[in-house]
Trainee: 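My questions all concern the structure below.
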Amino acid sequence: MRPDTPAAHTAEAERLLRTAAQYPGDREPLLLQAAAHLELADDRPGATALYDDLLAGDPADPHLIRALKASNLWEYGHEAEARAIIEGLRRSRPEDAAPWRIAAETLEAHDELEAAERTLAEAAALLVTPGAELPHATRSLLAARHRVRRMLARDHDDWDALADRLHTGTVPLDELHDPKRLWSLGSSDPTELQAEIARLRSELGTYRTALSRPFPVAVLHWPERELTELLTAYPELETEYPTYRAHLTDIEASLRELAAAGTPNLGIVRATVPSYEAFAASESTHPSQAALLPQYATTLAARARATPWPPLRTDTCWCGTGRAYGECHGGEE
């Protein structure tokens, strides 16, 4: 069950910090999760301390951490520092959409709509290539820009039209982002309130199942060298992995079957023998036990180690060949 009180969020943050100490290789994603729980517990100075701790090292995603730090700082009275971080972020021009969107939404949340629109426009100019398939994060950025421009009563431009085309919900973006919806939420007219409730249900319905999951449904991928080492040490697992090629085929087939059944939030986690042996030891189980494998996959996914599946057809395939997914496992029938 997810925590829903400040005390529960604090306890969850403490648990994540203990886990980070046990698994230093996963420290960054675990500390980011802990910081999010501290924010929800209204311990914003504590969250800032975690962001500073991460930035003092060599984080994998410093732009994201700075954007989250700026958002947190502004919420407890450090507006000038938050603005300075956002300006530095814009100058650094990160090539990932998430930091841009977080910075812009921080500005939007504090009624800085013009600045939010400029930030999102800079990001779109950098990240949107005409005719190219866009990752989910970039699509979300375009939707955020659409919302801000709707609030500013701007006429639609090409990027707004693109956001409309990419939107898959049953309620159009223009309706979702209509400023009048905010007024109807404060209405005393039951008819208006009921209509807004129906719109909100439609908007949130697409995400309800995914939001109920704290991490993806993940499938293990053993790189060829790791699989050879695993089967040499634990030949009992050969029934699970008869050949490396069969292993790769089973991964793609399993994920497609789950997707066809409507399972959301799918991912692939990269397995290694030392990590697996450490996990087995922590569970007081011998690594040769096949029943341990799905538990290992779930644990890796919970520690933010999963790569979302499927990748874009033009992205590098998950199997490690270096070929595009559409020309590799994504092209399989």
Side-chain angles (χ1 to χ4, degrees), residues 63-64 66-68 70-71 74-75 79 82-189 191-208 210-211 312 314:
H63 299 305
L64 176 65
R66 291 191 182 97
L68 292 168
S71 177
W74 204 323
E75 290 300 323
E79 177 182 338
R83 286 182 182 276
I85 292 173
I86 290 172
E87 285 305 309
L89 185 72
R90 290 172 63 181
R91 288 193 297 271
S92 65
R93 296 173 62 80
E95 296 182 356
D96 178 57
W100 288 101
R101 184 174 57 79
I102 291 168
E105 289 179 349
T106 299
L107 293 164
E108 179 189 357
H110 295 278
D111 296 324
E112 301 280 347
L113 296 180
E114 299 278 358
E117 184 193 20
R118 288 194 299 272
T119 301
L120 291 165
E122 291 171 12
L126 178 67
L127 302 175
V128 177
T129 301
E133 188 176 3
L134 300 180
H136 177 73
T138 306
R139 295 183 180 205
S140 296
L141 184 143
L142 287 175
R145 180 178 179 274
H146 184 290
R147 180 184 63 247
V148 170
R149 287 173 55 81
R150 190 81 168 84
M151 295 173 68
L152 288 168
R154 300 280 197 259
D155 292 333
H156 272 32
D157 61 9
D158 290 343
W159 283 333
D160 290 326
L162 177 58
D164 285 329
R165 291 197 301 272
L166 294 173
H167 178 63
T168 59
T170 57
V171 179
L173 282 184
D174 274 345
E175 184 176 346
L176 291 178
H177 296 160
D178 187 350
K180 293 181 180 179
R181 297 182 69 194
L182 298 177
W183 307 338
S184 57
L185 283 172
S187 173
S188 58
D189 184 338
T191 302
E192 288 187 2
L193 287 172
Q194 188 61 43
E196 181 58 23
I197 289 171
R199 285 192 292 266
L200 288 170
R201 282 176 175 166
S202 176
E203 181 180 356
L204 295 174
T206 305
Y207 306 104
R208 187 175 293 117
L211 289 172
L312 297 176
T314 54

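As a basis for the values below, the full set of heavy atoms in this structure was taken, side chains included, without hydrogen atoms, waters or symmetry mates.
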Trainee: Let me confirm one number: the CD1-CG distance from Ile102 to Leu64, rounded to the nearest 0.5 Å.
Mentor: 5.0 Å
Trainee: Minimum heavy-atom separation for Trp100 and Pro94, please, with both atom names.
Mentor: NE1-O, 2.8 Å
Trainee: Taking all non-hydrogen atoms of both residues into account, name the closest pair between His146 and Leu173 and its distance.
Mentor: CE1-CB, 3.6 Å
Trainee: Does the side chain of Leu142 reach to within under 4.5 Å of the side chain of Leu166, using non-hydrogen atoms?
Mentor: yes
Trainee: Grab the two heavy atoms, one from Leu113 and one from Glu108, that are nearest each other, plus how far apart they are.
Mentor: CD2-CG, 3.8 Å
Trainee: Nearest 0.5 Å, what's the CZ-CD distance between Arg118 and Glu112?
Mentor: 8.5 Å
Trainee: Taking all heavy atoms of Leu127 and all of Leu134, pick out the closest pair and write down the distance.
Mentor: O-CD2, 4.4 Å
Trainee: Asp164 versus Pro172: any side-chain heavy-atom pair under 4.5 Å?
Mentor: no
Trainee: Measuring from Asp155:CG to Leu152:CG, what's the distance to the nearest 0.5 Å?
Mentor: 12.0 Å
Trainee: Check the pair Thr119 / Leu107 against side chain to side chain contact (heavy atoms under 4.5 Å, CB included), numbers first and verdict last.
Mentor: CA-CA 9 Å; Thr119 301; Leu107 293 164; 3.6 Å; yes
Trainee: Could you tell me whether the side chain of Arg139 and the main chain of His167 form a donor-acceptor pair under 3.5 Å?
Mentor: no
Trainee: Which pair of non-hydrogen atoms, one from Ser92 and one from Leu89, has the smallest distance, and what is that distance?
Mentor: OG-O, 2.7 Å
Trainee: How close do Ala67 and Pro99 get, counting heavy atoms only, and between which atoms?
Mentor: CB-O, 3.7 Å
Trainee: Taking atom CD of Glu79 as the centre, report whether more than 12 heavy atoms of other residues, nucleotides or ligands fall under 6.0 Å from it.
Mentor: yes
Trainee: Quick one: side chain to side chain donor-acceptor pair (under 3.5 Å) partners of Arg90, sequence neighbours excluded?
Mentor: Glu87, Glu122
Trainee: Decide yes or no for Arg165 and Leu162: does some side-chain heavy atom of the first lie under 4.5 Å from some side-chain heavy atom of the second?
Mentor: yes
Trainee: With side chain to side chain contact (heavy atoms under 4.5 Å, CB included) as the criterion, how do Asp160 and Arg150 come out once you've worked through the C-alpha distance, each side chain's angles and the decisive distance to 0.1 Å?
Mentor: CA-CA 10 Å; Asp160 290 326; Arg150 190 81 168 84; over 6 Å; no
Trainee: ring-ring contact (aromatic ring centres under 6.0 Å, His included) with Trp74: which residues, sequence neighbours excluded?
Mentor: His110
Trainee: When rounded to the nearest 0.5 angstrom, what distance separates CD1 in Ile85 from NE2 in His63?
Mentor: 13.5 Å
Trainee: Does the pair Arg149/Asp157 count as a salt bridge with the N-to-O cut at 4.0 Å?
Mentor: yes
Trainee: Carefully, step by step, assess Glu105 and Arg147 under the rule side chain to side chain contact (heavy atoms under 4.5 Å, CB included).
Mentor: CA-CA 10 Å; Glu105 289 179 349; Arg147 180 184 63 247; 3.4 Å; yes
Trainee: Can you confirm whether Met151 sits close enough to Glu117 that some side-chain heavy atom of one is under 4.5 Å from a side-chain heavy atom of the other?
Mentor: no
